[in-house]
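Here is the naming used below: chain letters follow the sequence lines, and residue numbers restart at 1 for every chain.
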Number of protein chains: 2
Amino acid sequence: MARKPAEQSVNRLDILLAAANVFRRKGYHGAKMSDIAAEVDLTAGSLYHHFPDGKQQILIEVLNEGLDQITAEVQAVVDDNTLMPDEKLRKIIYTNILGLTHNTSVAAALVFETRTILENPEARKAYLKRRDSFEQLYTQVIQEGIDAGIFRQVDVPIFTKTILGAHNWVGVWYREGGRLTGEQIADEMSNTFLAALSPIGVPAAKN
Amino acid sequence: MARKPAEQSVNRLDILLAAANVFRRKGYHGAKMSDIAAEVDLTAGSLYHHFPDGKQQILIEVLNEGLDQITAEVQAVVDDNTLMPDEKLRKIIYTNILGLTHNTSVAAALVFETRTILENPEARKAYLKRRDSFEQLYTQVIQEGIDAGIFRQVDVPIFTKTILGAHNWVGVWYREGGRLTGEQIADEMSNTFLAALSPIGVPAAKN
DNA sequence: AAAATAATCAAATCGTGATTTAATTATACA
DNA sequence: TGTATAATTAAATCACGATTTGATTATTTT
């Protein structure tokens with residue numbers, strides 16, 4: 001009585017994933033609807049059944065899905081009140097980087113294609129809001145640590161962007177099967193930023 | 001006897017700058033030849049007089065020029081043998097960030113449009129070579145510092161990519177007239193990475 | 001198993017934008 | 001000055017790719 005495969009028609013999520021892959025390879029403008037369609041064994045026209053609003057809508061949903069997911073994961077860590085700020089920061093860096101290395105296509109889209117979505121006035125506002133919330137998670141934890149005296153005084157917005165820049169870049173250069181695993185990279189990078197925040201290792205004097 | 005303006009026809013460099021600006025705003029694929037032309041008061045067709053090989057060639061030259069320039073600046077610091085590794089690192093971070101904030105259009109192109117150039121097999125190889133040389137400048141200085149015992153043991157390639165990711169991102173979010181100047185940002189970020197390399201501020205124990 | 005609905009396709013549309021071409025104007029040079 | 005060369009233009013060309021349209025085929029629902 002085995003259930004039948006039931007893997008007939010594709011769903012929106014399949015298409016979003018496929019699109020992310022193509023975007024990663026060719027960029028949004030370089031990606032043809034037919035490329036995306038081919039990835040899920042459809043023709044270009046068929047995509048309009050699932051996404052009546054077309055190509056840009058697909059991009060918007062890829063980015064929203066991707067950002068929402070990583071935000072939720074990081075948010076969960078931030079909400080864990082059993083953790084000290086330094087443990088929290090280590091864990092959110094870890095979580096974030098593993099999120100990126102586990103889905104490099106979406107990660108790359110978040111870096112490279114955000115600009116495209118921002119050209120669309122409606123999508124722009126909503127997206128920027130999401131992104132700010134995400135950034136807030138970091139600034140919040142860093143500020144907590146400073147207030148608690150376990151991090152040195154840093155310019156929190158800049159430090160946040162420093163971390164996020166480093167993270168984003170991982171999504172660009174990371175390749176599965178490379179020298180290091182996502183875990184190892186996450187480890188190394190969280191060490192780096194925690195060391196950077198250590199109140200004892202004061203930076204060398206300026207000249 | 002004032003000399004006449006002599007500002008008649010545009011030159012290749014004007015066009016490259018103009019192109020970088022348009023690329024920053026719309027991305028390579030979103031940039032029309034007519035957009036670039038308009039920026040220097042020409043028509044699309046005229047650009048082919050200066051760049052017979054067309055749009056892609058313009059991108060290639062923007063990236064090469066940009067990367068060569070920043071490389072040269074950083075190289076000069078690396079070659080200065082009067083500096084200790086930590087001073088060197090501080091100075092190359094400084095140099096690099098000021099380079100980015102002084103020409104955000106080219107900086108953004110280096111981040112966002114590199115992928116485009118890499119699709120071109122010939123350009124790809126040459127470009128990757130340049131980029132590796134650039135990255136080498138960082139790894140070299142970091143390794144020197146470790147060998148000299150003034151930096152803690154880090155995974156040099158990862159640390160390098162961490163720095164470069166943070167840098168690249170500056171070119172994306174930095175806006176002239178923002179809260180901080182390029183100098184202040186460079187200062188903050190070099191503090192961050194030097195603190196991260198400090199051999200005394202050992203990172204917190206892993207759980 | 002009809003009827004209704006969902007997925008899909010193949011073949012138009014339709015606009016856009018890079019590149020080419022054939023002149024025209026400006027500049028340098030001898 | 002007049003001729004060669006450099007810049008520039010306006011008007012084709014030409015291809016490509018997003019979207020639309022009108023069937024066709026699957027899948028549900030009752």
Say you draw a straight line from OG1 of B:T114 to CG of B:L59; how long is it, rounded to the nearest 0.5 Å?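 Atom-to-atom, B:T114:OG1 and B:L59:CG are 8.0 Å apart.
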Could you pull out the protein-nucleic contacts involving nucleotides 19-23 of chain D (nitrogen or oxygen on both sides, under 3.5 Å)?
| unit_1 | atom_1 | unit_2 | atom_2 | d |
| --- | --- | --- | --- | --- |
| D:dT19 | OP2 | A:Y48 | OH | 2.5 |
| D:dT19 | OP2 | A:K55 | N | 3.0 |
| D:dT19 | O5' | A:Y48 | OH | 2.9 |

[X] has an atom [atom1]; how far is it from atom [atom2] of [N], in whole Å?
X	N	atom1	atom2	value
A:K26	D:dC16	NZ	P	13 Å
B:I58	C:dA18	CD1	C1'	11 Å
A:L47	C:dA7	CG	C1'	12 Å
B:N11	D:dA6	CG	C1'	14 Å
A:H29	C:dT16	NE2	C1'	13 Å
B:F51	D:dA7	CZ	C1'	14 Å
A:H49	D:dT25	NE2	P	17 Å

Do the side chains of A:I15 and A:R12 get nearer than 4.5 Å, heavy atoms only?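 When only atoms from C-beta onward are counted, A:I15 and A:R12 do not touch, as no gap falls below 4.5 Å.
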Heavy-atom side-chain proximity of A:N96 to A:F134 below 4.5 angstrom: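 Counting from C-beta outward, A:N96 and A:F134 do come under 4.5 Å.
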Nearest-nucleotide pick for A:K32, side chain only, options being D:dA7, C:dA7, D:dA18: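 Among D:dA7, C:dA7, D:dA18, the one nearest the side chain of A:K32 is D:dA18.
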Choose from C:dC9, D:dA7, C:dA6 the nucleotide whose nearest atom is closest to any side-chain atom of A:L42.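 Nucleotide nearest to A:L42's side chain: C:dC9.
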Report which part of the nucleic acid A:A31 touches: base, sugar-phosphate, or nothing (heavy-atom distance under 4.0 Å, all strands).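 Sugar-phosphate only.
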At under 4.0 Å between heavy atoms, what does A:D35 touch on the DNA or RNA strands: base, sugar-phosphate, or nothing?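 Counting heavy atoms under 4.0 Å across all strands, no contact is made by A:D35.
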Using C1' atoms of five pairs at each end, report the bend of the helix from C:dA1-D:dT30 to C:dA30-D:dT1 rounded to 10 degrees. 20°
Could you tell me which non-hydrogen atom of A:K161 sits nearest to which non-hydrogen atom of A:E135, and how far apart they are?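 Minimum heavy-atom separation between A:K161 and A:E135: NZ-OE2, 2.8 Å.
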Compare every heavy atom of A:G30 with every heavy atom of B:H29, then report the nearest pair and how far apart it is.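 Smallest interatomic distance, heavy atoms only, reads CD2-N, 4.1 Å.
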Would B:D132 and B:Y127 count as a side-chain contact (heavy atoms from CB on, under 4.5 Å) here? Give the steps. CA-CA 9 Å; B:D132 285 348; B:Y127 188 78; over 6 Å; no
State which residues pass salt bridge (charged side-chain N to carboxylate O under 4.0 Å, His left out) with A:E65; sequence neighbours excluded, sorted by chain then number. none
Applying side-chain contact (heavy atoms from CB on, under 4.5 Å) to A:M33 and A:I58, what does each step give before you reach the verdict? CA-CA 10 Å; A:M33 287 299 268; A:I58 293 178; 4.2 Å; yes
Counting only side-chain N and O atoms of B:H50, is one of them less than 4.0 Å from OP1 or OP2 of D:dT8?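 True: B:H50 side-chain N/O within range (under 4.0 Å) of D:dT8 OP1/OP2.
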Does a nitrogen or oxygen in the side chain of B:T43 sit under 4.0 Å from OP1 or OP2 of D:dT8?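 Indeed not, no polar side-chain atom of B:T43 lies that close.
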B:R115 and A:R25: side-chain contact (heavy atoms from CB on, under 4.5 Å), yes or no, with the steps? CA-CA 9 Å; B:R115 177 180 40 177; A:R25 271 187 271 115; over 6 Å; no
